[in-house]
Every structure is written in C-alpha cells, then in structure tokens.
*Asks:* 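Have a look at the structure that comes next, please.
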Protein chains: 2
Amino acid sequence: MSISSRLSVGIHILALIEINKDGVSSSQFLAGSVNANPAMIRKIMGMLKKAGLIEVHPGIAGAKLAKELSDITMLDVYKAVNVVQDNELFSLHENPNPECPVGRNIQNAIEPFFSAAQLAMEKVLENVKLENVVRDILNKENII
Amino acid sequence: MSISSRLSVGIHILALIEINKDGVSSSQFLAGSVNANPAMIRKIMGMLKKAGLIEVHPGIAGAKLAKELSDITMLDVYKAVNVVQDNELFSLHENPNPECPVGRNIQNAIEPFFSAAQLAMEKVLENVKLENVVRDILNKENII
DNA sequence: ATTACATGTAATCGATTTGATTACAAGTTG
DNA sequence: CAACTTGTAATCAAATCGATTACATGTAAT
C-alpha cells in the first residue's frame, strides 16, 4: 500500500510553476518535467485549481499560482489531490461479529488511535510550506 | 487509498486471544469473531507468529500470546502484518526529467518530509499498547 | 471564420493489491 | 486410522493506479 504519487506530482507541478514563473507552464511543459502524460497532468491541475492553489483557463496556455508558495502547505496539496480521505488512512475490517464481546467493540476501540495516527502524519505535512521545497531545489542547483 | 485491514484484523486477533485466554483460539474460532475466512486468519496468524507475537503449532488447535499485551504495541502489529514498508507510505513519481532543475531535485527535496510524516504516524501507533485496546473493550462491556 | 493550439474530461487498458475462497499437504490427538 | 488442526498455494472478483487515446470546448492569430 502506498499513497498515490498524485501528491508528489502535485508538489512538482506547483514548484515548477513557481520556478518557471516568467515562462508559460502548459500541461505539456509540466508533463515533460514530471515525465508523465499531459492528460494526467491536466487532471491534477484541475484538482489544484478546484482547491484554489492555481489559476488555469480553458484554451489559454499556462498555469499560475493562485497563492504565494509561503501560503501553501504540503497538506493543502494532499487535500487537493484527494489521496486520502478524512479518517480513512487505515481500513477497519467490516462486520465483525456483534455476538462476540470483542467483535462488537473492536472498531470503536481502535478507531480513535487510527484517527490520531493519521492526524499526526497530516500535521507534519501541514508544517511544510512549498516555499521550503522550492528553496531546497534552488539550493541544490546553487542558484541560491 | 487505505492501509489494509490486516492491521485491524491483527489487533482483533490478539485482543481476542487475550480475552479468550482460558479457551482455545483456533483459526476457526477467531474467524467467527472477525467475520472472515479461516484461511485468511491463518495467514495473518502466520505473520504474527513470525513476528514473535503469538505461539501457534501445526496440528495443535489454538494460539497463545507470546508476550504480555503490555509489551505489544500497535506498531508491532503494523510491522508484523506488512501493511506499509519503511519509507514507502508515500509514492514518489518515477523518472522525473533529469534535464529539468525541478525534475532532477524534486525527489530529494520531498522525500525527507514524506519520511518524517510517516514516522510521526508510526510513532503514534508505537505509543498504543494492545493492553489499552483490551481495557477499552472490557470497559465497554462493563467487565472492568 | 478558419487554423492552430490550449484546457477539460470521459473512456479504456494493463498492472497491482485486497479480501474471499477452495484445496490440499502436513502435523497432532485419541 | 479418523477427525481435527495449522500452513500454504492457487484462484477469483473488485478496486485502484497510472498511462493513454480521444474528443469537446475555449482562445487567439492570421
């Protein structure tokens, strides 16, 4: 099991739009850097747009950021691209036997812990600004 | 995306073995409470056994805990049933374009954050003892 | 208005994983 | 030997992922 790479692709897209801000970031251009299909990129761009992270317009080439990168967190992207639903990171087995003391209580006993674990993971994503990611990239390129 | 219910089933199995400690916890008995197929239960039992959490013997009905429940954490079960590999909770998109400054650095820029997020989640699981789960169940049954 | 190119989106495909199930080898007990 | 267990492989339908094709719709320039 792994969380879909839509999240890392989404982050890639946003970082590239920023770094290419003086150019035109079309789906084809982005696809070339991500190394993926332009249609898939457009699908993810649609999600980022719906979440208010980028601006794109039908027929007009290129996407722009709708917010400062310092106002976008990894959690924003994670929520935007729908990789994990609220409180559904962990699956609970369904229909445990209600006639067994364990079966009829196990879900309620486990669920709060699963929920807390998911929230702890999401909290880390919330504390990472996309600005950090771009800075890391520019550092590695000795541009900063 | 969701983490396999093998984890919640594993927890269920361990809790039930404890609560049924004076009885015989065969795969069929456990399957009846979990409401799953005995062969699947045996598969998970095999993983728990391999991880040193339970004792089972071919031909002999019933599983016993190999440790005190206060010495078993949710993380132990999580590792035992192989639901998520180390550092692989999040997928990174493969083969980003090495000729693009973003493409050739994005994986290294993202990976530490993904890793930290996964570890934070696992840390929560580590802090939950199966003893807590059993206590919750018994509380709800007014047995304690 | 026609051409060229963009985004938006639906449909399809192979690969992988999950959970369910059957089947059977091998061990144990009476 | 008979009846039961665990261990394990094989199979199956369903779900999901990422890749791809196809095309409707929108924009802009000639």
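Proteins come first, then strands; the chains are lettered A, B, ... in the order of their sequence lines, and each starts at number 1.
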*Asks:* Using salt bridge (Lys or Arg N to Asp or Glu O under 4.0 Å) as the criterion, list what pairs up with B:D86, not counting sequence neighbours.
*Replies:* B:K79
*Asks:* Less than 4.0 angstrom between a side-chain N/O of B:K49 and OP1 or OP2 of D:dG7, yes or no?
*Replies:* yes
*Asks:* To the nearest Å, give me how far apart CE (B:M45) and C1' (D:dG7) are.
*Replies:* 10 Å
*Asks:* Which whole-number value in Å describes the distance from B:E55 CD to D:dG7 P?
*Replies:* 12 Å
*Asks:* Would you give me the side-chain donor-acceptor pairs under 3.5 Å for residues 57-77 of chain B, sequence neighbours excluded?
*Replies:*
{"unit_1": "B:K64", "atom_1": "NZ", "unit_2": "B:K21", "atom_2": "O", "d": "2.9"}
{"unit_1": "B:T73", "atom_1": "OG1", "unit_2": "B:L75", "atom_2": "N", "d": "3.2"}
{"unit_1": "B:T73", "atom_1": "OG1", "unit_2": "B:D76", "atom_2": "N", "d": "3.1"}
{"unit_1": "B:T73", "atom_1": "OG1", "unit_2": "B:D76", "atom_2": "OD2", "d": "3.3"}
{"unit_1": "B:D76", "atom_1": "OD2", "unit_2": "B:T73", "atom_2": "N", "d": "2.9"}

*Asks:* In whole Å, what is the span from the CG atom of A:L48 to the P atom of C:dT9?
*Replies:* 14 Å
*Asks:* Scan nucleotides 18-30 of chain C nucleotide by nucleotide, 5' to 3', and note B when protein non-hydrogen atoms come under 4.0 Å of the base, S if they reach only the sugar-phosphate, - if neither.
*Replies:* SSSBBB---BS--
*Asks:* The criterion is salt bridge (Lys or Arg N to Asp or Glu O under 4.0 Å); which residues satisfy it with A:K123, sequence neighbours excluded?
*Replies:* A:E126
*Asks:* For A:N82, enumerate each residue passing the side chain to side chain contact (heavy atoms under 4.5 Å, CB included) test, keeping only those at least two apart in sequence or located in another chain.
*Replies:* A:R6, A:Q85
*Asks:* In whole angstrom, give the distance that lies between atom CD of A:E94 and atom C1' of D:dA15.
*Replies:* 13 Å
*Asks:* Nearest whole Å is fine: how far is D:dT8 C1' from B:K50 NZ?
*Replies:* 13 Å
*Asks:* Does B:S27 have a side-chain nitrogen or oxygen under 4.0 Å from the phosphate oxygens OP1 or OP2 of D:dT6?
*Replies:* yes
*Asks:* Can you measure A:L30 atom CG to C:dG8 atom P for me and round it to whole angstrom units?
*Replies:* 12 Å
*Asks:* What integer distance in Å separates A:K43:NZ from D:dT20:P?
*Replies:* 15 Å
*Asks:* Which residues pass the salt bridge (Lys or Arg N to Asp or Glu O under 4.0 Å) test with B:E131, not counting sequence neighbours?
*Replies:* B:R135
*Asks:* Tell me if a side-chain donor or acceptor on A:N97 pairs with a main-chain N or O of B:V34 at a distance below 3.5 Å.
*Replies:* no
*Asks:* Check the distance between D:dC17's P and B:L92's CG and give it to me in whole angstrom.
*Replies:* 16 Å
